[in-house]
Amino acid sequence: MGTRAGAPTATTQNGRVREAVTTARRIVVKIGSSSLTTTSGGLADERVEALVDALGALAAQGREVVLVSSGAIAAGLAPLGLPRRPRDLATQQAAASVGQGLLIGRYAASFARHGLTVGQVLLTVDDVTRRAHYRNAYRTLRKLLDLRAVPIVNENDTVATEEIRFGDNDRLAALVAALVHADLLVLLSDVDALWTGDPTRPESTRIAEVRDEQDLAGVSIGGAGRAGVGTGGMVTKVEAARIATGFGIPVVLTAAPLAPAALAGEPVGTLFHPVRQRPTARLFWLAHATSPRGRLHLDPGAVQAVVGRRKSLLPAGITAVDGAFTAGDPVDLVDTSGAPVARGLVNYDAIELPGLLGRSTADLAAALGPAYEREVVHRDDLVLL
């Protein structure tokens, strides 16, 4: 997906974009690699300066800003003599270790012109899925905002493995927006808006607002951008919008050069309206930020108890166990057909469970001790899918 040359910009959207933006006190802004770097790698200074000027203007109004910035791997390509984004994880991590320092240094210098201090926050999936890590990430971001610093968030690409990656910074931005209880998420890219198809074709039209899934019916969504330095595309941006709006956060999607207009409340890009009240934050994260480390197969009675009556999962209702997980890991609860019905944080190691299946907690406590009277997944650590 891209921007149609000479495409007109809408001037009205019933005031909803302006209202969502101008009333937002805490704003998360995400910018992609292709909007910060050249096609050969390296940071494009004028693009960084333009973004920082727009965010600095928000901070000058007393509003809180969190920046989720891609670009570490791309920024490290040129210094390492790499002609393109590497495919193997080890070289990606090496590029990130070089580029991350360059990226945060450039931001620090740029924000200093506005009298602002930046704080680097590098996250992995574990930082937002395990309870202790999740709470620590929140405290860190909250304290940076309280101290009037600008948190700059990125995935910790230097240590993240395929098993613990967010996959793209669009998803990370949506999850960070939920974590800090943002009032608005702005996704900046090389795309000016969501279109019904390829923007270069005359039959494609810009979608000004998305209120529900019906507004996305028939939309042809493209993949990664032409620059080849990013990992996302319109698919990841729409999914990020789904995640954020599901937490009650409106989303504006537009091109990075339109950031000043978008952040000033002008009706540019596409506005995704929130679709529901905000759910419990930790369960929201469990549903959207985690990848299951295993599966627990439930009998029909257990499915009814968990889904229909919102009860905890007990050993008596489990028929089989898949995976190599440890206590505290996320696992999927699946029905008799193998379809996931819920996800939860398990209280036992996988190796412990086979000997407990089909037995009541009272029997287990009598035979093995009171430590085995606990639930396999407590209802407070469980979210329906």
Side-chain angles (χ1 to χ4, degrees), residues 89-90 93 123-138 155-167 171 175 280-385:
L89 183 59
Q93 291 172 326
L123 299 175
T124 66
V125 168
D126 273 354
D127 293 321
V128 296
T129 58
R130 294 185 178 273
R131 183 173 176 82
H133 294 199
Y134 164 85
R135 296 174 68 180
N136 186 58
Y138 169 79
E155 180 164 13
N156 194 349
D157 289 308
T158 61
V159 299
T161 63
E162 292 297 339
E163 289 76 18
I164 60 170
R165 294 176 71 90
F166 287 98
R171 180 176 176 228
L175 296 172
T280 302
R282 194 166 69 90
L283 295 184
F284 171 87
W285 280 81
L286 182 60
H288 294 289
T290 62
S291 296
R293 307 290 174 85
R295 301 197 305 170
L296 305 180
H297 295 259
L298 278 54
D299 63 27
V303 172
Q304 176 59 30
V306 169
V307 177
R309 303 199 304 274
R310 305 301 297 271
K311 298 292 186 180
S312 299
L313 176 63
L314 303 177
I318 305 174
T319 59
V321 177
D322 299 332
F325 51 83
T326 59
D329 281 343
V331 296
D332 275 354
L333 283 53
V334 303
D335 62 19
T336 54
S337 67
V341 296
R343 183 171 298 165
L345 302 179
V346 66
N347 288 325
Y348 291 89
D349 295 348
I351 196 171
E352 294 180 273
L353 281 175
L356 311 181
L357 304 188
R359 302 171 65 180
S360 71
T361 52
D363 289 342
L364 291 170
L368 302 174
Y372 287 86
E373 197 169 7
R374 66 189 186 276
E375 304 87 349
V376 177
V377 179
H378 192 277
R379 63 184 180 184
D380 291 342
D381 295 325
L382 188 151
V383 61
L384 301 183
L385 298 178

Please give me the minimum heavy-atom distance between L333 and G344, naming the atom from each residue. CD1-N, 4.3 Å
Tell me, which pairs form a side chain to side chain donor-acceptor pair (under 3.5 Å) where one or both residues lie in residues 363-379, sequence neighbours left out? S360-D363
State the OH-CG distance between Y348 and L296, to the nearest 0.5 angstrom. 12.0 Å
Close side-chain approach of L356 to V376, heavy-atom, < 4.5 Å: no
Identify the heavy atoms of V306 and A342 that sit nearest to each other, and give their distance. CG1-CB, 4.2 Å
Going by side chain to side chain donor-acceptor pair (under 3.5 Å), name the pairs with one or both residues in residues 297-320, residues two or more places apart or in two chains. H297-D322
Rounded to the nearest 0.5 Å, how far apart are CG of L314 and CG of L298? 10.0 Å
Distance (rounded to the nearest 0.5 Å) between R295 CZ and I318 CD1: 13.5 Å
Are there more than 12 heavy atoms of other residues, nucleotides or ligands under 6.0 Å from atom CD1 of I351? no
Contact summary for P315 and R359, nearest pair of heavy atoms: CB-O, 3.6 Å
I need the minimum non-hydrogen distance between P330 and L286, along with the two atoms involved. CB-CD1, 4.2 Å
Do the side chains of D332 and L385 get nearer than 4.5 Å, heavy atoms only? yes
Return the CG to CG distance between L313 and D381, rounded to the nearest 0.5 Å. 12.0 Å
With heavy-atom distances below 4.5 Å as the criterion, would you say the side chains of L123 and L175 are in contact? no
Do P292 and V331 have side-chain heavy atoms sitting under 4.5 Å apart? no
Looking only at heavy atoms, what is the nearest atom pair of G323 and A350, with distance? O-CB, 3.5 Å
Kindly state each residue pair satisfying salt bridge (Lys or Arg N to Asp or Glu O under 4.0 Å) with at least one member in residues 349-358, sequence neighbours excluded. none
